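Everything numeric in this text was worked out from a predicted model, so none of it was measured.
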Amino acid sequence: MIPAPFDYHRPDTVEAAVKLIADLGDSARVIAGGHSLIPLMKMRMTDIAHLVDLQKIGALKGIAIDGGTVTIGAMTTQHELIGSAALGSAAPIIREAALQIADPQVRYVGTIGGNVANGDPGNDMPGVMQCLDATYHLRGPDGERTVKARDFYEAAYFTARADDEILTAVSFEVPVGGQAYVKQKRKTGDYATAAAAVIIAKSGGNCSAASIAMTNLSDTPVWCEAAGDALVGSSLGAADIDNAVDAMQAVINPQDDNKGPAAFKRHAAAVILRRAIERATSRA
Amino acid sequence: MNEMTPPKTERTAALKGLGTARKRVEDARFTQGKGNYVDDIKLPGMLFGDFVRSPYAHARIKSIDAEKAKALPGVIAVLTAADLAPLKLHWMPTLAGDVQMVLADGKVLFQGQEVAFVVAENRYIAADAVELVEVDYEELPVLVDPFKAEAPDAPVLREDLAGKSEGAHGPRRHHNHIFTWEQGDRDATEKVLASADVVAEEMVYYHRTHPCPLETCGCVASMDKVNGKLTVWGTFQAPHAVRTVASLISGIAEHNIRIISPDIGGGFGNKVGVYPGYICSIVASIVTGVPVKWVEDRMENLMATAFARDYWMKGRISATKDGRITGLWCHVTADHGAFDACADPTKFPAGFFNICTGSYDIPVAYLAVDGVYTNKAPGGVAYRCSFRVTEAAYFIERMIEVLAIKLGMDAAELRAKNFIRKDQFPYHSALGWEYDSGDYHTAWDKALKAVDYEGLRKEQAQRLEDFKAGKTRRLIGIGLTHFTEIVGAGPVKNCDILGLGMFDSCEIRIHPTGSAIARLGTISQGQGHATTFAQILASEIGIPADDITVEEGDTDTAPYGLGTYGSRSTPVAGAATAMAGRKIRAKAQMIAAYLLEVHDDDVEWDVDRFAVKGAPERFKTMKEIAFAAYNQAIPGIEPGLEAVSYYDPPNMTYPFGAYICVMEIDVDTGEHEVRQFYALDDCGTRINPMIIEGQVHGGATEGYAIAMGQEMAYDDMGNVKNATLMDFFLPTAWETPHYTTDFTVTPSPHHPIGAKGVGESPNVGSVPAFSNAVHDAFRSFGLTQTHMPHDHWRIWRTAHELGLHG
């Protein structure tokens with residue numbers, strides 16, 4: 001459990017970090033909270049010559065709510081997300097999800113940027129961000145560009161972020177409607193067996209908007225557009241929820257692992273999604 | 001002139017002796033992070049060792065090229081079996097009469113096996129060098145299924161045993177067969193089963209798991225070439241046994257070896273055995289002349305260091321129509337992995353599994369255990385239980401449930417009907433044990449009443465109705481267990497490890513000012529010996545527990561003993577402590593009589609002093625007596641006040657308990673919630689109720705982990721599937737259920753203070769309680785048996801197979 005030798009860099013501006021990565025090339029990796037990367041290095045499953053630590057960059061920290069837009073700096077920790085009253089009222093789903101990530105010690109250090117940028121299908125925030133239709137802000141040698149969370153994930157650990165880019169922030173419009181993040185896990189610190197992020201808005205007793213994303217049921221988070229669509233315009237009755245669940249099943253692709261066989265995960269996904277829809281509806 | 005004597009009760013309380021909830025004296029340093037563990041030991045010039053381990057479960061080693069590793073700056077040496085062979089240390093004896101490779105000799109037999117030992121200036125360089133050692137493997141067919149071990153064409157695992165048809169425990173009938181161990185009366189049992197009213201038959205599997213102590217195993221070996229002395233600090237549950245074994249296999253005279261167990265961060269049987277890391281560190285220190293440290297990491301500990309359980313137990317139990325048990329038959333297929341490194345007393349290759357008749361008066365029984373080799377890590381240690389007692393308790397407590405189903409009887413009633421009655425003790429079991437004492441009916445009735453058993457069954461029935469009516473998706477399971485342990489190994493006449501009798505010891509020195517030090521042959525790994533043994537002594541010799549230092553773990557100072565495991569410390573070393581205390585008191589009596597100028601028989605013991613019979617105002621306190629022992633010339637009495645006792649117990653002790661678990665189960669997700677857990681323990685005389693409660697909480701939490709998720713799983717290639725804490729379940733405070741503890745007191749008749757030991761009861765008793773709760777939740781849907789661990793997907797599978805998902 002001892003990593004191979006590496007050099008450690010600690011720039012204090014985004015510009016300096018971007019330059020370091022550009023200069024060091026493929027052998028460099030950005031480190032945020034380190035809770036995914038450090039274990040991989042300790043198990044020598046990845047070999048990184050240069051670690052570029054972002055924690056000294058103050059500009060990457062903080063939560064801003066400006067008009068209807070929420071912007072969260074990449075280096076904001078899960079603990080800070082949980083502690084923000086303003087965020088808790090603007091987008092309570094983030095707090096609900098963050099509280100289900102690992103344990104307090106991990107959450108003191110783990111960041112939202114690391115959680116969404118790493119591309120680990122087990123991470124909880126990518127699904128939440130897809131559910132919120134969040135935008136990721138990337139900074140590279142050629143300046144800033146944005147990518148929608150729903151377009152960001154390509155495969156496990158493969159994302160739209162280029163090797164020389166740093167994810168600096170996530171932003172999204174303050175959501176309308178009831179929100180819920182429901183997660184089944186085996187134990188504290190575990191990735192989801194199945195988890196669902198759901199936002200449901202109601203108008204005149206019917207569902208006026210719905211967004212559904214699932215965690216750890218494919219090699220990427222899965223935004224289930226058709227599942228949300230199945231609810232829009234409906235009265236959120238049993239048959240409507242069945243339709244949403246069926247639509248979700250069509251786009252997930254769980255695999256057998258220590259958490260159980262794929263058939264079990266599909267069953268759990270259905271149950272968890274139903275619970276999340278019910279909870280979001282009750283909050284709408 | 002003596003001052004006014006405080007009343008007896010006040011003086012007794014001041015001693016903090018037996019029965020006092022005395023706070024643990026160890027905790028001041030542990031809770032402040034000031035413990036001193038093996039990895040805290042830093043010696044000048046100390047080197048670090050690290051292992052190259054096999055990625056394969058079964059492979060021939062074609063070559064090992066360590067040149068690149070040796071060329072790395074800071075690397076001192078790379079040891080392989082070829083380097084150890086001239087010293088005859090490339091193999092070592094196991095505690096079970098087998099031999100085990102220290103470093104791979106020609107082939108590897110399990111994933112994670114030690115192949116080469118890199119010694120470097122620091123642990124970082126060592127880890128880098130491990131990566132540079134090039135081993136050329138040729139993969140061989142892998143054997144993971146113990147039921148395929150004895151197939152005619154099964155791969156030959158142990159080439160070193162070729163042609164050996166006799167093992168340490170009798171004949172071997174196949175190249176992967178280790179032993180057959182039979183107990184009881186086969187013919188009589190089969191006869192009873194053949195003509196019984198009712199016979200229930202089931203395969204009960206207690207899966208492979210791991211003790212996983214928070215501190216992994218490790219050592220620091222230091223060979224002093226000037227004085228020829230070898231000192232080894234290590235995570236040893238039995239330091240003296242390690243010294244003797246080290247002497248026998250290394251040829252170093254035993255007086256030149258000093259073994260020190262410093263603070264140990266949990267053992268649970270994982271630290272009883274001798275591991276290749278110890279041998280390699282010692283050899284490396286002898287070769288280099290400087291200290292060498294080796295500490296395994298979590299993955300190494302889980303993959304290679306002493307698993308537990310892995311017993312496939314096929315049972316048949318017979319009864320009359322009205323539920324009187326008439327016979328028990330059991331056959332165990334025991335998966336021992338690549339080497340038989342079970343930590344059992346020599347004559348017991350399956351430990352005390354023959355306690356599997358449990359708490360019940362079963363007239364006739366038969367047991368056979370077959371041990372086999374597979375391509376898995378060696379071990380089979382007693383994970384917080386006396387040798388294989390947890391397996392036995394799980395077996396009988398499942399068989400009782402299965403029989404209750406077959407009989408259509410309530411399982412609580414079936415148990416009560418078959419308990420050994422109070423008047424039957426000492427009770428001779430059909431499989432050869434003499435149970436010392438017990439009062440099972442009293443404990444059982446108390447437990448059922450405490451949880452309102454009748455009320456629970458009514459609630460469960462109502463829930464079932466609601467479930468069937470579609471009103472809920474949660475079922476209630478009520479898990480019952482009445483376990484009987486056998487601990488305190490043990491009488492030297494039938495218990496030894498590698499020829500060392502399993503007595504234990506205590507040496508006491510009373511200082512002139514009336515405080516004391518007691519040294520024991522045991523070693524605490526968290527049990528709180530420094531607290532409880534001082535309490536035993538306080539009550540025996542009238543010196544406050546706070547004035548008694550308890551020291552263990554240094555073989556240069558402690559008297560010889562066999563260490564701490566199998567709940568043996570209190571039954572054996574605790575008895576030695578009381579007996580040594582009584583020797584102190586006997587001498588103190590003579591001193592007191594001399595000082596009081598009366599005959600020895602004319603003084604009597606009074607809590608903390610000797611007083612003249614009939615004249616209580618004339619007395620000498622232990623403090624006064626201690627001082628006199630060192631400053632007065634007393635005719636016919638040697639100066640000083642010291643004693644030593646080596647205690648060979650006349651019998652084992654038999655703690656018991658009644659545990660009840662109430663669990664809610666979500667049939668859709670397989671999740672569960674332990675709503676209530678009631679644990680009644682009878683460990684005989686209670687030394688420290690607070691420590692007992694702590695032991696019960698800890699053991700039950702381990703039992704919870706084992707029953708509900710913890711396992712060591714292998715795929716078909718022999719790869720370990722869960723060698724990190726990401727997948728290996730260790731409960732945190734979040735998962736840990738709430739426990740209600742209770743007790744009855746049935747002292748052991750043969751133990752000096754009547755104590756029986758408690759450290760392991762909660763693991764033994766809780767596993768069947770949790771598992772029975774899961775089974776019970778599904779009983780009305782036709783479930784008779786499903787295997788642990790009951791994690792989410794397996795519970796889901798049970799519900800699915802029973803048609804509960806529509």
Side-chain angles (χ1 to χ4, degrees), chain A residues 1-6 35-36 39-47 99-106 120 122 182-196 216 238 242 245 254-276 278, chain B residues 48 50 72 120 122-132 216 295-301 473 666-672 704-705 708-711 713 715 720-736 789 791-800 804-806:
Chain A
M1 296 293 245
I2 290 174
F6 59 88
H35 276 103
S36 300
L40 289 178
M41 291 171 68
K42 284 187 166 182
M43 289 192 278
R44 298 194 178 222
M45 290 165 76
T46 183
D47 190 5
L99 279 168
Q100 297 179 70
I101 295 173
D103 53 59
Q105 284 161 302
V106 170
D120 186 331
V182 177
K183 177 179 179 180
Q184 179 177 353
K185 57 182 177 180
R186 296 171 299 179
K187 61 190 178 89
T188 302
D190 200 11
Y191 291 125
T193 300
N216 216 17
D242 284 348
V245 169
Q255 304 294 313
D256 297 355
D257 63 20
N258 284 342
K259 295 180 184 68
F264 160 64
K265 291 184 179 182
R266 282 193 176 275
H267 193 109
V271 175
I272 294 300
L273 177 55
R274 282 173 200 283
R275 288 179 186 172
E278 279 165 27
Chain B
F48 288 80
D50 199 351
L72 187 71
N122 63 48
R123 54 178 30 138
Y124 303 94
I125 296 171
D128 291 342
V130 163
E131 297 280 294
L132 297 175
T216 59
V295 178
E296 65 187 0
D297 67 26
R298 177 65 57 200
M299 289 178 74
E300 293 178 297
N301 177 256
R473 296 296 289 165
D666 182 324
V667 300
D668 289 320
T669 61
E671 292 169 300
H672 66 270
Y704 170 72
M708 305 310 294
Q710 190 176 83
E711 64 176 324
D715 70 11
V720 180
K721 289 166 71 178
N722 47 9
T724 76
L725 296 186
M726 198 71 198
D727 285 305
F728 185 85
F729 178 38
L730 269 196
T732 66
W734 184 259
E735 289 87 10
T736 301
D791 51 4
H792 295 173
W793 81 265
R794 286 179 173 97
I795 288 183
W796 171 85
R797 182 181 61 186
T798 296
H800 203 72
L804 304 185
H805 294 148

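- For the pair A/Arg186 and B/Asp727, the salt-bridge criterion is met [side-chain N within less than 4.0 Å of a carboxylate O].
- B/Trp796 and A/His267 have perpendicular rings, their planes meeting at more than 60° on a 0 to 90° scale where under 30° would count as parallel.
- Contact of B/Thr669 with chain A is made through backbone and side chain together, with heavy-atom distances under 4.5 Å.
- Under the rule for a ring-ring contact (aromatic ring centres under 6.0 Å, His included), A/His35 has no partner lying at least two apart in sequence or in another chain.
- The CD atom of B/Glu671 sits 8.0 Å away from the OG1 atom of A/Thr193 when rounded to the nearest 0.5 Å.
- With rounding to the nearest 0.5 Å, the separation of OG1 in B/Thr724 from CE in A/Met43 is 6.0 Å.
- In terms of heavy-atom pairs under 4.5 Å with chain A, the best-connected choice from B/Arg794, B/Met708, B/His805 is B/His805.
- Rounded to the nearest 0.5 angstrom, A/Ile2 CD1 and B/Glu131 CD are separated by 11.0 Å.
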For A/Thr188 and B/Glu735, what are the C-alpha separation, side-chain angles and deciding distance, and is it a side chain to side chain contact (heavy atoms under 4.5 Å, CB included)? CA-CA 7 Å; A/Thr188 302; B/Glu735 289 87 10; 2.7 Å; yes
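- Distance check: A/Met1 CE to B/Met299 CE gives 6.0 Å after rounding to the nearest 0.5 Å.
- Interface remark: A/Lys42 contributes no atoms to any contact with chain B (heavy atom separation under 4.5 Å).
- With a 6.0 Å radius and a threshold of 12 heavy atoms from other residues, nucleotides or ligands, A/Lys187 has its NZ atom above the threshold.
- From B/Phe729, atom CZ reaches atom CG of A/Asn258 across 14.0 Å, with rounding to the nearest 0.5 Å.
- Taking both residues in full, the closest heavy atoms of B/Asp128 and A/Ala4 are given as OD1-CA, 3.9 Å, listed atom of the first, atom of the second, then distance.
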Is there a side chain to side chain contact (heavy atoms under 4.5 Å, CB included) between B/His800 and A/Phe264? Walk through the geometry before answering. CA-CA 9 Å; B/His800 203 72; A/Phe264 160 64; over 6 Å; no
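- Looking at B/Arg123, the atoms closer than 4.5 Å to chain A (heavy atoms on both sides) sit in the backbone and in the side chain alike.
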Let's go through A/Arg275 and B/Asp666 carefully: what are the C-alpha distance in whole Å and the side-chain angles of both, what is the deciding distance for salt bridge (Lys or Arg N to Asp or Glu O under 4.0 Å) to 0.1 Å, and is it a yes or a no? CA-CA 13 Å; A/Arg275 288 179 186 172; B/Asp666 182 324; 2.5 Å; yes
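- Among residues two or more places apart in sequence or in another chain, the side-chain hydrogen bond (donor to acceptor under 3.5 Å, both in side chains) test is passed with B/Arg797 by none.
- Counting heavy-atom pairs under 4.5 Å between each of A/Pro261, A/Pro3, A/Ala194, A/Gly189 and chain B puts A/Pro261 at the top.
- When heavy atoms are compared at a cutoff of 4.5 Å, A/Lys259 approaches chain B solely by way of its backbone atoms N, CA, C and O.
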